[in-house]
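Report on the structure given below.
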Amino acid sequence: MEYAFRNIERKWQENWKLGNAYRVSNQSAKPKYYVLDMFPYPSGAGLHVGHPLGYIASDVFSRYKRLKGFNVLHPMGYDSFGLPAEQYAIEHGIPPAVSTDQNIATFRSQLDKIGFCYDWEREVRTSDEGYYKWTQWIFLQLFDSWMDRTAQKARKLNELVEIFEREGNLNHPCPGEKNLAFAPMEWNGFSAHRKAEVLMHYRLAFCGIGEVNWCEALGTVLANDEVINGVSERGGHPVVKKKLRQWYLRITEYAERLLAGLQTVDFSDSMKEMQSNWIGKSFGAEIDFELVAENPSAEGKKLKVYTTRPDTLFGIDFMVIAPEHALVEHITSPQQSAGVAAYLDYVNSRSERERMAEKKITGVFSGAYCKHPFEERNIPVWISEYVLAGYGTGAIMAVPCGDERDFKFAKHFNIPITNIIGSYYDGTAANPTKEATLENSGFLNGLLMTDAMAVALDQLEALGIGKRQTNYRMRDAAFSRQRYWGEPFPIVWKDDVAVPLPESSLPVVLPPMTDLRPGPDAQGPLANLPEWAAVDGGTREVNTMPGYAGSSWYFLRYMDPKNTDSFCSREASDYWGQVDLYIGGTEHAVGHLLYSRMWTKALYDLGHIGFDEPFKRLVNQGKIGGDSRLVYRVRGTKQFVSAGLKDQYDTDELHVDVTMVDGLDLDMEAFKQWKPDFADATFITEDGVYKCGSRLEKMSKRYFNVVNPDDIVERYGADTFRMYEMFLGPVEQDKPWDTKGIEGVHRFIKKFWRLFFDTEKGLMVVDTPAADAAWKAFYKMVKKVEDDTARFSFNTAVSSFMIGVNDLTELHCHSKDLLTKFLVVLSPYAPHIAEELWAATGQPGSVLDASYPLVEEKYLVETSREYPLAINGKTRTTLMIDADASQADVEALVLLDPVVVKWLEGKAPKKIIYVKNKMINVVLG
RNA sequence: GCCUCGGUGGUGGAAUUGGUAGACACGCAGGACUUAAAAUCCUGUUCGCCGAAAAAGCGAGUGCGGGUUCGAUUCCCGCCCGAGGCACCA
């Protein structure tokens, strides 16, 4: 019987579906295990062979865990809100809801062909009303909460109001408005409007006017992580700063816990590093400097700077404040006012992009000075764009001998440089060392910089002119988009106050629209529906939520996807708990992962779930690159020259569709028919063959190197495809796709099939027990496969399968007992063939419900083994040694070995090293 | 510039990090079966030397240069190259 994979795979996919083979219950006596894939955005392009890599790995692992006796949750869904669908609607007039449904249908059929064990009854789509109702609900929880910094825990807003009434905000400084301070009396005297305004500065989801990244081309605001070098990540359009009313998540209040939480999860070092860099915690001091300015309005004001190097206090040569700094207008001297005004104009004229692209040294002297706290000297205060208004205090103390930027600034403006680090500073560049012994540094003289840090801080604090301060680089996350295809906010504006809608009016349904032009004043399309926006006594918020809203909590919805009373019942989230294994790409390192970690912490604080880190373990699958094929056109002609001869001509390089190339050989006829331009192409060949060039690059339509999994599955079957993707290399590593290599895995599967079936004789499986040698080969394989699967080394597991099948074929093993056990071990990787042969050999039920065979160690014990015998560390021969041999036994044997005798040349060895189960080394004198 | 991870045959990769470097595959070469093809099977395949060939042997070899060790792809020091991330964060 032939291995008819197409029929087999279709048959079992249907059977599994009909039998609900992958349905998972929230009630089970088995231990739970939650395996999650990062759900896809259903783009119009469909899947290419790179996408399923992580899905296959998680599928193999889920199936393995199931066989090991776990109740495994392994769901899938779609992150179906987002910009591309909206862009597509604008270009093609097809509503996002429609194109999204079509795309999902395509994705689903592609996924189905690969034979994943998803419980589709738990599917979620972020754009479904039943789903985004709860996204809106969670938003309301965040809106109605504040961070109690003392307890490091989010609390309900009404508790804050009680505190204000009792004690003002003395013990809970305002995160949104640093200098806001009020007593209980004052609070009680506030108008309702003022109270709302104050509370907004505390809310975890809040609205404010902010400078945002505005992208004219996309008509929307982008998050910091969506802007790369001043242009949009999507499309590369210019981005400028614009003041807009925006929603934000106060993620900065979670900075410390997001950082600390990294200690408790199993993410890769680089992933943890990316996140902690993003959070950007630094220790230092805020120091107040007395101002010396002519202007009366500077009277009594101080300049507060942030520094991480208080030890360099005596090296200050100038101060720099950001152009946006509030003090600018108060300290600019009359003589300098014209220059300062011109400089501010210049700064405003520069877009974010220009500022990032060309880092020119610019600045202007304000005319004002600061007093040095410990020395009789005045320090000039400069204004420059290299100091950022949004970080620290927006002002710095410049120490040019130790800081490169300060050094360049000093050199550029001819400001004299004080050296406090002796020979560490050579006058040509700053030296940021912490190892120097301080000089010219008053009371810090003679101290090592690392020690001076604390001494300086103590002194500053004692004098009341400075204090220790921790800063974070992370900013609050912009949470609104001027777009249509996202969750509407459950907010109504009444008299300029944001009023949350009651839970009973959720979901706020996104109204159907076909014309998705932006609304007036940089508002989204929803602003074009005044009748929708108008509600009793107010207007709806017309922004929508960003793409990461729905993806921040989807892993919770899978636990209880049909619940209409709650986003997820507490029983369900208590049962499933954290995601045990999360598989996805590294591109979400700082976006999605940080947001979902924050949402999880907030839901935990508010008592809705029982854990505060969503993902226990994260594995990042690598990207599969495309293997492009190139042809070379002789410039200005229709002549194409083969790769080996191209250097003899002046050529242009063009990508050709990889499907027209076999290895490197171009199908010239297909090429001529490919595009009208090439119909009359001629070829300069190498012996009649046109050889293409090749290049590894991103798999993309534009390079014609996209390989569709459907085609591979059609040609080789899903089992071959799954195993080949695993065989390609370590999951976490980037690697190129090579369609030719799949033959090897396909041959292996066919060879496996032949252990069961012979083309002529039919079923070969026999009841005779397997020979010990077969059991030995088998259990050796099982042990390796299980080890490898457990540690995500799927590629080596596949090669162990190959070795196993090669061994059993050689041993002519057709024993039913052994082979049916083999099916169980193989089934996570190749479920279809395993199920088919399970049934063919008359096994009851499904191989999915079998249990993983236990390795019988007795077959693996060895009474003796072959040791490599090295002479001076270089392997020369091998030697059989009994397991119970002593050092003396081994030495005696070694000295008899002819190879050793030859090398010894009659002399005695210096030493004989015998490491049990490893090797033997003879050291010559 | 800083941080993280890498660099092994013609190719993908293995050696579960101090113990036989190149498992398992792809490709290639040769052969068997076949009228032929497909499929399948067998042999060889890191480089160099010695040899008609085979066997055996010798030397070199995991980006480069040093070091530690009986023994290094693995550990240490100094470079080079590649991928990804961050980038005026004081």
Side-chain angles (χ1 to χ4, degrees), chain A residues 2 229 268-278 280-282 284 305-309 312 320 355-356 359 361 384-388 390-399 402-406 408-409 432 471-475 586-587 589-590 620 622-623 625 627 663 724 727-730 732-745 747-748 750-751 754 759 784 787-788 790-791 793 795-804 806 809 866-878 899 902 909-924:
Chain A
E2 282 295 331
N229 286 328
S268 71
D269 287 346
S270 68
M271 192 59 59
K272 286 186 181 182
E273 226 226 22
M274 275 188 236
Q275 291 201 18
S276 60
N277 282 348
W278 187 261
K281 184 177 186 173
S282 73
V305 305
Y306 175 72
T307 181
T308 55
R309 298 296 301 274
T312 63
V320 188
R355 252 171 98 158
M356 285 183 161
K359 286 172 190 160
I361 297 168
S384 173
E385 59 180 347
Y386 89 88
V387 172
L388 305 177
Y391 182 77
T393 61
I396 62 154
M397 50 179 241
V399 182
D403 184 282
E404 198 193 320
R405 295 152 305 179
D406 297 348
K408 285 183 175 156
F409 193 87
N471 269 341
Y472 300 92
R473 187 178 306 182
M474 183 166 62
R475 308 293 153 81
T586 50
E587 65 273 19
V590 291
N620 299 112
K623 287 192 244 314
D627 192 3
Y724 183 54
F727 186 59
L728 229 38
E732 309 201 34
Q733 192 174 300
D734 289 352
K735 53 216 163 240
W737 175 264
D738 170 20
T739 301
K740 282 210 132 172
I742 202 170
E743 293 284 353
V745 174
R747 272 176 213 146
F748 151 75
K750 285 189 287 188
K751 194 166 179 179
R754 287 199 300 273
T759 326
K784 180 89 166 84
D787 269 12
D788 288 351
R791 64 187 179 98
S793 181
N795 56 327
T796 52
V798 174
S799 53
S800 299
F801 279 127
M802 291 172 169
I803 295 168
N806 290 344
T809 302
E866 192 184 55
Y867 280 73
L869 199 167
I871 291 163
N872 283 341
K874 183 110 192 149
T875 307
R876 295 293 173 185
T877 183
T878 56
V899 175
K902 194 190 100 187
K910 195 173 167 190
K911 208 198 270 183
I912 294 175
I913 295 160
Y914 166 57
V915 184
K916 198 165 166 146
N917 291 326
K918 297 285 187 187
M919 46 60 71
I920 302 164
N921 190 15
V922 178
V923 186
L924 299 183

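A, B, ... follow the sequence lines: proteins, then strands. Residue 1 opens every chain.
For A/P730, the side chain to side chain contact (heavy atoms under 4.5 Å, CB included) test picks out A/Q733, A/N795, with sequence neighbours left out. Qualifying side chain to side chain contact (heavy atoms under 4.5 Å, CB included) partners for A/D403, counting only residues two or more places apart in sequence or in other chains: A/R405, A/D406. Legend: residues meeting ring-ring contact (aromatic ring centres under 6.0 Å, His included) with A/Y724, ordered by chain and number and at least two apart, are A/W737. Listed by chain and number, the residues in a salt bridge (charged side-chain N to carboxylate O under 4.0 Å, His left out) with A/R791 are A/D788 (sequence neighbours excluded). Residues that satisfy the salt bridge (charged side-chain N to carboxylate O under 4.0 Å, His left out) test with A/D627, not counting sequence neighbours, are A/R629. Under the salt bridge (charged side-chain N to carboxylate O under 4.0 Å, His left out) criterion, A/K910 pairs with no residue, sequence neighbours left out. For A/Y914, the ring-ring contact (aromatic ring centres under 6.0 Å, His included) test picks out A/Y867, with sequence neighbours left out. Qualifying side chain to side chain contact (heavy atoms under 4.5 Å, CB included) partners for A/S282, counting only residues two or more places apart in sequence or in other chains: A/Y306, A/T308, A/Y391, A/N471.
Nearest-nucleotide mapping onto RNA chain B: of A/V922 and A/E866, the residue sitting toward the 5' end is A/E866. Along RNA chain B, the nucleotide nearest to A/K902 and the one nearest to A/K784 differ in position, and the one closer to the 5' end is contacted by A/K784.
Comparing the same atom, C1', in B/U35 and in B/G30 gives a spacing of 23 Å after rounding to whole Å. Between the C1' atoms of B/G1 and B/G18, the separation comes to 36 Å (whole Å). With both ends at atom P, the span from B/C28 to B/G19 equals 36 Å, rounded to whole Å. Spacing of P atoms, B/G13 relative to B/C86, comes out at 25 Å, to the nearest Å. If you take atom C1' in B/G12 and the same atom in B/A23, they sit 13 Å apart, rounded to whole Å. Across the P atoms, B/U46 and B/G9 are found 13 Å apart, a figure rounded to whole Å. Separation of the C1' atoms belonging to B/C64 and B/C80 is 7 Å when rounded to the nearest angstrom. Between B/C26 and B/A83, the two C1' atoms lie 24 Å apart (nearest whole Å).
Within residues 390-399 of chain A, the residues approaching RNA chain B are A/Y391, A/I396, by heavy-atom distance under 4.0 Å.
No donor-acceptor pair closer than 3.5 Å links the side chain of A/D734 to the backbone N or O of A/G622.
Where pairing requires Watson-Crick or G-U contacts shorter than 3.5 Å, the helical stems of RNA chain B with at least three consecutive pairs are B:1-7 with B:80-86, B:10-12 with B:24-26, B:27-32 with B:40-45, B:46-49 with B:57-60, B:63-67 with B:75-79.
Nucleic acid contact class of A/K750 (heavy atoms, under 4.0 Å, all strands): sugar-phosphate only. Looking at heavy-atom distances under 4.0 Å, A/S282 makes contact with sugar-phosphate atoms alone, never a base. Nucleic acid contact class of A/T308 (heavy atoms, under 4.0 Å, all strands): sugar-phosphate only. In this structure, A/I913 reaches the bases: a heavy-atom distance under 4.0 Å links it to at least one base atom across the strands shown.
For the pair A/V399/A/R309, no side-chain contact is recorded, criterion being any heavy-atom separation below 4.5 Å from C-beta on. Annotation: side chain of A/M474 is in contact with side chain of A/W278 (closest heavy-atom distance under 4.5 Å). Using a 4.5 Å heavy-atom cutoff, the side chains of A/M397 and A/T312 are in contact. Side-chain contact check for A/N277 versus A/R473: every heavy-atom pair is 4.5 Å or farther apart. Between A/V923 and A/I912, every side-chain heavy-atom pair lies at or beyond the 4.5 Å cut-off.
Shortest non-hydrogen contact noted between A/T586 and A/M271 is CG2-CE, 3.6 Å.
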Could you list all N or O pairs between the protein and nucleotides 81-85 of chain B that sit under 3.5 Å apart?
none

Considering only nitrogen or oxygen atoms on both sides, find all protein atoms under 3.5 Å from nucleotides 21-31 of chain B and state each distance.
residue: B/A21; atom: OP2; partner: A/T875; partner atom: OG1; Å: 3.4
residue: B/A25; atom: OP1; partner: A/N806; partner atom: ND2; Å: 2.7
residue: B/C26; atom: OP1; partner: A/R747; partner atom: NH1; Å: 2.3

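Base orientation for B/G67: anti, the chi torsion being more than 90° from 0.
As rounded to whole Å, 6 Å separates atom P of B/A87 from atom CH2 of A/W278.
Taking side-chain N and O atoms only, A/R876 has no distance below 4.0 Å to OP1 or OP2 of B/U20.
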